[in-house]
Amino acid sequence: MILPAIFMISVNALHAQTDVNYDPKAKTILDDVSKTAKAYTSITATFTVTTKHADGTSDVRNGNVVMSGGKYKIVLENTVKTVVYKDEYYNDGKTTWVFVEKTGELTIDDAPLPGAAKGDAISPNDLFTLHEKGFKYKFIKTDTVGGKVYQHIDLYPEKPDKKNYSIVHLTIDKSKKQITKVEMVNKDGSTTTYSITTFTANLAVTDATFQFDATKHTVKSTVDMRED
């Protein structure tokens with residue numbers, strides 16, 4: 001019968017709109033965030049990574065990232081007994097380089113294909129668009145801090161058994177439509193928080209920015225994982 005069929009379609013549509021696993025309000029906000037980020041020719045940002053361990057201890061790392069068209073350069077500071085070392089990550093679209101200053105080891109590999117699995121960790125390169133794949137989402141609240149309005153959205157992995165974290169809290173600057181904080185609640189009782197401290201869009205960057213320059217580093221060993 002036509003009437004019951006139409007009724008069932010309406011009920012299913014309503015259910016989809018109110019499904020907290022894919023909250024439509026959250027989706028609208030997240031779509032705007034993605035659209036804003038992808039409109040930039042480049043993004044330059046500084047950030048902190050704070051890890052609070054289950055035993056109550058914590059550590060903080062500072063970093064910066066430059067992104068443009070899928071290419072990136074990421075630098076993370078790593079303090080060992082008051083000495084600051086840098087871990088550097090480069091991707092020019094064809095090749096990736098990872099340089100660990102403390103050991104002098106350089107690892108070279110082919111750049112992953114767009115959309116390829118990136119493992120369990122969240123890269124700073126993904127901070128502004130990480131919500132696009134593999135998550136359910138729910139709008140939590142809006143609040144005002146220091147005169148700025150922030151929106152809060154929770155992300156839930158679609159395949160939680162394959163992740164070491166159970167939930168990701170996003171804080172979004174409503175007026176700028178930018179993610180300012182990402183907090184991962186890990187299954188081991190720890191939390192990892194990425195906080196954006198400065199953000200600049202559309203700075204001019206060259207391709208050389210995303211390529212490792214061996215003349216500016218002390219390379220002690222090289223591991224080349226590229227396919228022949």
Side-chain angles (χ1 to χ4, degrees), residues 26-49 61-77 86-100 106-135 137 153 155 157-159 162-163 165 168 170-173 176-182 184 192-214 216-217 222-228:
K27 185 179 188 306
T28 297
I29 296 170
L30 295 173
D31 285 348
D32 284 343
V33 169
S34 292
K35 183 178 179 180
T36 299
K38 292 177 179 179
Y40 299 136
T41 58
S42 70
I43 291 175
T44 302
T46 59
F47 58 91
T48 59
V49 184
R61 302 179 70 186
N62 296 317
N64 60 76
V65 58
V66 181
M67 299 180 288
S68 179
K71 303 175 183 179
Y72 62 80
K73 174 186 176 181
I74 301 167
V75 179
L76 275 173
E77 293 182 353
K86 294 179 179 178
D87 297 338
E88 302 181 20
Y89 306 81
Y90 299 80
N91 183 337
D92 69 353
K94 296 181 180 179
T95 306
T96 63
W97 297 263
V98 178
F99 178 69
V100 180
L106 173 66
T107 302
I108 308 173
D109 202 351
D110 295 314
L113 295 174
K118 299 179 181 179
D120 188 67
I122 291 178
S123 163
N125 183 55
D126 303 324
L127 286 182
F128 306 102
T129 56
L130 67 92
H131 55 272
E132 292 186 330
K133 293 182 179 180
F135 289 100
Y137 34 79
I153 292 175
L155 304 180
E158 291 179 329
K159 298 179 180 180
K162 295 185 178 181
K163 299 295 183 182
Y165 53 86
V168 179
L170 298 183
T171 301
I172 299 167
D173 185 317
K176 295 181 178 180
K177 299 179 181 179
Q178 293 173 358
I179 293 175
T180 61
K181 183 183 293 186
V182 177
M184 302 169 60
T192 304
T193 303
Y194 299 81
S195 300
I196 308 302
T197 51
T198 66
F199 182 99
T200 306
N202 301 327
L203 289 179
V205 293
T206 65
D207 289 341
T209 301
F210 310 108
Q211 298 172 337
F212 180 79
D213 186 346
K216 297 180 179 179
H217 300 78
T222 301
V223 178
D224 195 334
M225 304 176 65
R226 290 173 293 185
E227 297 181 358
D228 295 332

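Computed from a prediction, not measured in an experiment: that's the story for all the values here.
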K.L.:
With rounding to the nearest 0.5 angstrom, report the NZ to CZ distance, K216 to F99.
P.N.:
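Separation between the atoms: 13.5 Å.
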
K.L.:
Mind listing the closest non-hydrogen atom pair of F47 and N64 along with its distance?
P.N.:
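Shortest heavy-atom separation between F47 and N64 comes out as CE2-N, 3.4 Å.
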
K.L.:
Parallel, tilted or perpendicular, judged at 30° and 60°: which one describes the rings of Y90 and F212?
P.N.:
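Answer is perpendicular, since the angle exceeds 60°.
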
K.L.:
Side chains of T200 and T44: do they bring a donor and an acceptor to under 3.5 Å?
P.N.:
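No.
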
K.L.:
Please enumerate all residues that pass side chain to side chain donor-acceptor pair (under 3.5 Å) together with E158, with sequence neighbours excluded.
P.N.:
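Partners of E158 under the side chain to side chain donor-acceptor pair (under 3.5 Å) test: Y22.
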
K.L.:
Just to verify, what does D109 make a salt bridge (Lys or Arg N to Asp or Glu O under 4.0 Å) with, not counting sequence neighbours?
P.N.:
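D109 satisfies salt bridge (Lys or Arg N to Asp or Glu O under 4.0 Å) with no other residue.
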
K.L.:
Specify the closest pair of heavy atoms between Q211 and W97, including all atoms of both residues, with the distance to one decimal.
P.N.:
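Taking Q211 first and W97 second, the nearest heavy atoms are CA-CZ3, 3.8 Å.
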
K.L.:
Do NZ/NE/NH1/NH2 and the carboxylate oxygens of K35 and D31 come within less than 4.0 Å?
P.N.:
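Result for this pair is no, no salt bridge flagged.
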
K.L.:
Pick from D92, N91, T209, D207: which one makes a side chain to side chain donor-acceptor pair (under 3.5 Å) with K71?
P.N.:
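Single side chain to side chain donor-acceptor pair (under 3.5 Å) partner of K71 among D92, N91, T209, D207: D207.
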
K.L.:
Could you state the interatomic distance from CG (D224) to OG1 (T95), rounded to the nearest 0.5 Å?
P.N.:
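It is 9.0 Å, given to the nearest 0.5 Å.
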
K.L.:
For the atom pair CG (D173) and NZ (K181), what is the distance rounded to the nearest 0.5 Å?
P.N.:
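Atom-to-atom, D173:CG and K181:NZ are 13.0 Å apart.
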
K.L.:
If you measure only the distance, is there a donor-acceptor pair under 3.5 Å linking the side chains of T180 and T171?
P.N.:
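Judged by distance alone, the side chains do not pair up.
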
K.L.:
With E132, which residues qualify under salt bridge (Lys or Arg N to Asp or Glu O under 4.0 Å), at least two apart?
P.N.:
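Applying salt bridge (Lys or Arg N to Asp or Glu O under 4.0 Å) to E132 gives K38.
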
K.L.:
Could you report the tightest heavy-atom contact between S68 and S42, atom names first, then the distance?
P.N.:
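Here S68 and S42 meet closest at CB-CB, 4.1 Å.
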
